[in-house]
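If you're wondering where the values come from, they're calculated on a predicted model, not measured in any experiment. A, B, ... follow the sequence lines: proteins, then strands. Residue 1 opens every chain.
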Amino acid sequence: MMQKAKGKVVSVNESLVGAKTTEGSVMNGEVAYIVIEDGKRLKSEVIDVKPDDMVYLQVFEDTSWMKVGDLVEFSGLPLAVKLGPGILGSVTDGLQNPLYELAKKEWFLERGLVVEPLDTTIKWHFTPSVQKGDLATGGTVLGSVPEKLFQHKIFVPFSIQGGHTIEQIAPEGDYTVDEPIAVIKDTMGKSIELKMVFEWPVKKPMPFNERSVPVNPMPTGIRILDALFPIAYGGTACNPGPFGAGKTVLQHSLARHSQADVVIIAACGERAGEAVEVFKDFPELIDPRTGKSLMDRTYIVGNTSSMPVAAREASVYMATTVGEYYRKQGLNVLILADSTSRWAQALRETSGRKEEIPGPEAFPMYISTLISAFYDRAGIELLPDGKTGSLSIIGTVSPAGGNFDEPVTQATLLSTGAFWGLSRALSDARKYPAIDRIDSNSKYPSLLNRDEVSFLLELLRDGKTIASNIILMGEKGITDEAYIRYQKAELLDAVFLQQNSFHEVDGVTTPDRLRAMFTMVKEIIDTTVGVKGKEEIRSHFNFIRQAFLDWNYLKPDEEGFEKQKMKLVNLVKQREHVAENV
Amino acid sequence: MLQKTYENIDSIGRAILGIKAKDVHNKELAEVIYPDGQKAFAQVIALDGDQVTLQLFGGGFGVSTDCKIRFLGKPVQVGFSDDMLGRVYSGNGQPIDGGPELLSDMVRVAGPSINPVKRLIPKDMIRTGVPMIDVFNTLVRSQKIPIFAKAGEPYNRLLANIATQTDADVIIIGGVGLKYDEFHYFRQRIEEAGSKSKTIMFVHTHRDSIVEGLMVPDLALAVAEQFALQGKNVFVLLSDMTQWSDYLRQVANAQDQIPANQGYPGDLYSQLASRYEKAADIEGAGSLTILGVTTMDDVTHPVPDNTGYITEGQFYMKDGYLELFGSLSRLKQQVNDRTRPDHRSIMNAMARLLSEAEERVKAQKFGSVKDDYSLRLLDYRKTFQKELMDPFRYLELEDALDLCWDTLAQHFKKEEVGLSSKLIEEYWPEKGKFKILKEMTHE
């Protein structure tokens with residue numbers, strides 16, 4: 001056992017503090033507390049160990065009133081997250097302090113305040129699944145407790161290695177996370193007492209039991225994604241865009257409608273108001289797939305833009321570790337990291353203060369390695385009990401000036417499987433979601449089959465070419481055939497790719513409905529239009545568009561749904577009928 | 001607390017001073033004492049062994065190596081009391097209106113942010129009387145939103161209009177890098193509107209040091225936050241945050257910080273965010289709304305770019321007009337479904353048609369626009385600009401909505417506007433029955 005170090009502050013530069021150790025040994029990445037004049041203990045992390053007993057700390061709180069000579073107490077332990085029942089439905093800061101509990105103490109986020117991450121007063125109903133004498137090791141399931149929507153497995157901490165035997169196991173009953181529920185013994189006869197909660201270092205990826213490749217699309221309810229640029233269970237997506245292009249609305253939509261068991265929102269360095277909307281709205285919203293509150297499947301880590309910058313990194317890693325833990329539970333977990341650029345900027349700030357040699361746009365040289373390693377924590381895991389868990393990560397990127405040719409976007413593109421580029425031109429034209437129809441891509445399978453996807457993409461590309469010809473030569477400068485092709489592309493965009501995320505029905509599309517809509521779209525595209533003249537062609541498609549949009553806004557079980565569908569089909573067919581008679 | 005005085009000044013820069021001293025706190029307030037006994041404020045910004053770096057509120061010019069530094073044993077604070085209403089203060093918190101200094105409680109400056117769970121979801125529309133705001137990008141209580149404009153656009157006039165035309169309990173003006181005539185203009189407008197007794201100004205003009213300019217938003221927001229905690233609805237105007245960012249760049253540069261983009265420090269985003277995020281509707285208390293100005297030439301410049309990621313939208317001013325495209329209120333969805341039933345629909349229809357018209361403008365340059373519908377779109381665009389985009393035309397929301405209907409009826413047929421039959425039946429004005437728009441007849 002390493003002796004815990006002590007030290008004294010020698011320099012303070014915003015969140016970067018230099019300290020000299022006076023005793024003990026120091027580990028890179030360990031947590032240290034700086035004790036300031038009023039006795040408050042400010043949490044920090046060792047980020048560099050230098051000659052002459054010098055250590056650099058990044059402090060997770062405001063460093064005002066710190067002095068040279070202030071005491072530094074090292075913990076000997078890396079930054080870790082507490083894992084156990086009670087995480088779902090909660091809202092914490094980037095260091096796992098529950099925000100609602102903090103608010104009971106102070107209205108403002110005063111530094112040095114610490115609250116137990118998991119409620120220690122809740123009694124969980126524990127049912128054991130092992131007996132005295134059974135073999136156990138890290139990851140062995142000791143029993144389970146019901147948490148919100150599912151049975152939460154209680155594990156032997158993953159850090160425990162080698163063969164152990166169960167010496168004691170608690171009988172079925174109600175326990176808090178603080179009470180011991182088992183004692184295990186190693187081969188040397190040493191006993192370890194276990195609770196329902198254990199810690200895991202946030203920066204250390206949890207090892208996969210067995211890893212597999214993401215192949216099944218995860219329905220998001222967003223048509224342009226599910227049809228053209230899907231994400232798979234266990235997959236990763238990069239979602240860059242300039243401000244005002246609709247990132248936030250898209251994120252909220254994904255958080256609400258994605259078909260995941262658990263959704264973790266890492267609000268990293270973004271507006272507080274947006275996180276507030278989620279954690280104040282979600283408890284009121286019912287998840288149609290479970291019939292329970294949406295908040296029951298949600299965990300929010302909020303380190304918003306005005307909270308201490310150094311804790312942004314911690315918040316992203318914490319979200320990921322919690323995600324890995326729920327994946328081990330055999331669940332499909334989705335992490336929405338908004339925004340990874342703010343994390344990267346936090347690294348840039350610290351790197352600058354350390355006077356490291358800067359890379360492009362002053363980001364540290366190692367930024368791409370960190371980003372790749374982060375996304376690599378997503379994936380499919382085959383669990384010992386034969387079940388599968390998955391962790392998918394959708395990371396938003398906020399590129400400076402909306403220019404995707406910058407280090408964070410580029411590094412993210414290299415590390416992710418789907419690319420959803422948001423476009424200001426599309427959002428200016430109010431075409432939401434403003435995901436670029438031509439430049440976006442995904443390597444994951446879609447809810448549509450491959451030929452169907454190509455069929456749509458080809459039409460979109462044709463439409464774009466013809467549109468630029470129209471600007472150059474006017475409508476009169478192109479043939480009726482080309483104009484019809486253009487109108488079909490516009491229609492596809494208007495009724496299928498665009499979606500009103502604020503609308504109860506249109507805001508989310510189930511896989512069945514997506515299929516039905518696609519069939520209708522295909523029918524329209526495949527139908528030969530005999531109408532002559534640009535004005536008439538435009539009018540023909542206007543009628544179809546209006547009828548299609550009206551149909552989109554109706555629920556399948558609603559009165560008028562079938563009628564509207566017939567009206568739409570008739571519009572498509574009738575015109576053809578008329579045209580044949582001309 | 002014991003106040004220690006040191007005289008070993010090592011270095012004096014434009015805004016930064018270095019001295020050897022012991023037992024100094026990070027962010028502690030200090031005094032520079034000149035040989036003739038005059039004083040100026042300074043603040044500790046970094047410590048390294050016994051080497052202390054201070055930021056000079058009055059700038060480095062005239063500071064000499066025989067000046068002394070006294071550490072005051074307290075952080076930077078600002079006075080707070082109701083008696084401040086109607087007064088004008090400098091960027092170091094001193095009154096500059098010739099009135100008496102006040103004895104008041106001191107409150108911390110640049111304190112921590114409010115716990116997000118104490119924030120309410122914004123829900124109250126602020127009526128400004130500006131059609132482009134009320135109809136198209138509704139302002140909401142607790143919103144933080146800047147005006148993006150080139151220097152020279154009448155943004156300060158719009159700020160003053162909005163501040164005096166709304167129902168704020170307290171108005172706090174933070175002027176950073178104001179020209180003297182701009183300062184004078186704000187004062188005059190506030191007085192003319194009879195709003196002086198609910199207004200406090202913190203003003204930094206070009207003759208003051210940049211560090212004082214840097215302090216202005218913090219002082220303004222600290223005082224505003226106190227009023228908000230007392231239950232007041234506070235409106236904070238910050239003009240101009242681009243100048244503020246420029247001062248930040250100068251000070252970072254003087255500290256040899258590694259620049260990120262265009263010389264701005266890597267923490268520009270965090271610095272701007274910690275100010276703008278003070279905007280909040282606070283549970284069980286009042287609210288703080290921030291309306292800023294960000295002067296710019298190009299929206300991809302680091303200051304507007306970072307600002308846009310922080311604020312809840314922006315009003316885009318160009319050639320004296322408030323533009324529809326580029327402007328955005330992220331909070332409008334919270335309120336514009338509770339104003340009038342046609343609000344959202346007509347807003348979208350007007351925007352869609354204007355976007356169609358913009359396409360024609362492009363095409364027109366190639367001489368390829370000849371059809372009747374396109375020509376009507378172009379006429380519509382002209383009416384829209386003339387009638388709605390003038391930021392200084394005062395219209396109640398309901399009148400502005402009627403004006404939208406008039407404008408549509410002037411140029412389009414009912415079936416061309418993409419609005420539901422129900423709304424058209426209720427609101428479509430027949431020719432000769434326009435409510436606001438002066439009807440044009442050209443047969």
Side-chain angles (χ1 to χ4, degrees), chain A residues 10-13 18 37 62-68 91 99-100 102-103 106-111 243-244 248 271-273 275-277 279-281 302 304-307 309 342 345 348-349 352 355 358 361-362 398 400-403 428-430 470-477 502 535 546, chain B residues 22-28 46-50 75 111-119 121-122 257-261 265-267 269-270 273-274 277-278 280 282 300-302 305-306 308-310 312-314 325-326 328 330 333 348 351-352 355 359 362-363 366 368-371 373 418:
Chain A
V10 296
S11 69
V12 185
N13 178 4
E37 203 168 81
D62 176 21
T63 57
S64 295
W65 227 241
M66 202 176 276
K67 276 193 324 189
V68 170
V91 185
L99 289 179
Y100 278 100
L102 284 180
E106 296 276 359
W107 282 33
F108 287 83
L109 295 170
E110 304 293 344
R111 59 192 175 155
F243 64 84
T248 308
R271 304 176 186 92
V276 174
E277 261 184 57
F279 66 67
K280 299 221 163 166
D281 274 349
T304 60
S305 58
S306 61
M307 294 190 197
V309 171
R342 305 303 163 214
Q345 286 178 343
R348 175 168 72 183
E349 283 183 35
E355 297 179 359
E361 297 190 17
S398 319
N403 175 13
D428 275 351
R430 305 292 195 269
I470 292 177
I471 290 178
L472 277 174
M473 302 183 284
E475 290 183 351
K476 289 192 176 130
F502 296 102
E535 195 74 35
Q546 192 62 47
Chain B
K22 284 195 163 57
D23 270 336
V24 174
H25 301 90
N26 189 27
K27 303 291 159 101
E28 185 169 345
L47 300 168
D48 189 0
D50 59 358
S113 55
I114 192 154
N115 188 322
V117 306
K118 293 304 256 182
R119 286 174 182 262
I121 295 183
Q257 285 186 23
I258 295 166
N261 287 337
D267 64 354
Y269 174 85
S270 307
S274 66
E277 281 282 314
K278 289 279 178 196
I282 305 166
T300 63
H301 178 276
D305 185 48
N306 278 290
Y309 280 116
I310 293 161
E312 286 151 342
Q314 62 280 332
F325 300 115
L328 169 71
R330 288 172 185 272
Q333 305 287 352
N348 287 328
R352 202 169 45 239
S355 154
E359 294 279 306
K362 267 186 253 166
F366 297 100
S368 55
V369 176
K370 291 189 181 72
D371 61 296
Y373 178 67

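How far CD of E355(A) is from CD of Q257(B): 10.0 Å, rounded to the nearest 0.5 Å. Between the CG atom in D371(B) and the NZ atom in K476(A) there is a gap of 7.0 Å [rounded to 0.5 Å]. Atom OG of S305(A) is separated from atom CG of N306(B) by 11.0 Å, given to the nearest 0.5 angstrom. Distance CG/N261(B) to CZ/R348(A): 5.5 Å, rounded to 0.5 Å.
With a 4.5 Å cut-off on non-hydrogen atoms, P259(B) touches chain A through its backbone but not through its side chain. Neither the backbone nor the side chain of D62(A) comes within contact range of chain B, judged by heavy atoms closer than 4.5 Å. With a 4.5 Å cut-off on non-hydrogen atoms, L47(B) touches chain A through its backbone and its side chain both. Looking at E349(A), the atoms closer than 4.5 Å to chain B (heavy atoms on both sides) all sit in the side chain, from C-beta outward. With a 4.5 Å cut-off on non-hydrogen atoms, A275(A) does not touch chain B at all. The contact between A351(B) and chain A is made entirely by side chain atoms (from C-beta outward), counting heavy-atom distances below 4.5 Å. For chain B, the nearby part of F502(A) is the side chain; its heavy atoms alone come within less than 4.5 Å.
Put simply, the side chain of N26(B) gets close to the backbone of T63(A): a donor and an acceptor are under 3.5 Å apart. A side-chain donor-acceptor contact under 3.5 Å links N115(B) to the backbone of L99(A). The backbone N or O of R119(B) lies less than 3.5 Å from a partner atom in the side chain of K280(A), making a donor-acceptor pair.
No other option in A46(B), S113(B), A273(B) has as many heavy-atom pairs under 4.5 Å with chain A as S113(B). Per-residue counts of heavy-atom pairs under 4.5 Å with chain A were compared for S270(B), G326(B), G313(B); the largest is that of S270(B). Highest contact tally toward chain A, considering only I114(B), T300(B), L328(B), is held by I114(B) [criterion: heavy-atom pairs under 4.5 Å]. Among H301(B), Q314(B), K278(B), K22(B), the residue making the largest number of heavy-atom pairs under 4.5 Å with chain A is Q314(B). When G477(A), G18(A), A103(A) are compared by the number of non-hydrogen pairs under 4.5 Å with chain B, A103(A) comes out ahead. The choice from G352(A), S64(A), A362(A) that makes the most heavy-atom pairs within less than 4.5 Å of chain B is S64(A). Listed options K362(B), K27(B), R330(B), K118(B) were ranked by heavy-atom pairs under 4.5 angstrom with chain A; first place goes to R330(B). Per-residue heavy-atom pair counts under 4.5 Å with chain B were compared for M473(A), Q345(A), E106(A), R111(A), and the maximum is reached by Q345(A).
Closest of all the heavy-atom pairs between D305(B) and G401(A) is OD2-N, 2.6 Å.
Listed by chain and residue number, E274(A) satisfy the side chain to side chain donor-acceptor pair (under 3.5 Å) test with R271(A) (two or more places apart in sequence, or in another chain). Listed by chain and number, the residues in a ring pair (Phe, Tyr, Trp, His ring centres under 6.0 Å) with F243(A) are Y309(B) (sequence neighbours excluded).
For the pair M307(A) and P116(B), the minimum side-chain heavy-atom distance is below 4.5 Å. Between R430(A) and S355(B) there is no side-chain heavy-atom pair separated by less than 4.5 Å. Looking only at side-chain heavy atoms (C-beta outward), I121(B) and V276(A) come within less than 4.5 Å of each other.
Donor-acceptor pairing under 3.5 Å is lacking for the side chains of T304(A) and E277(B).
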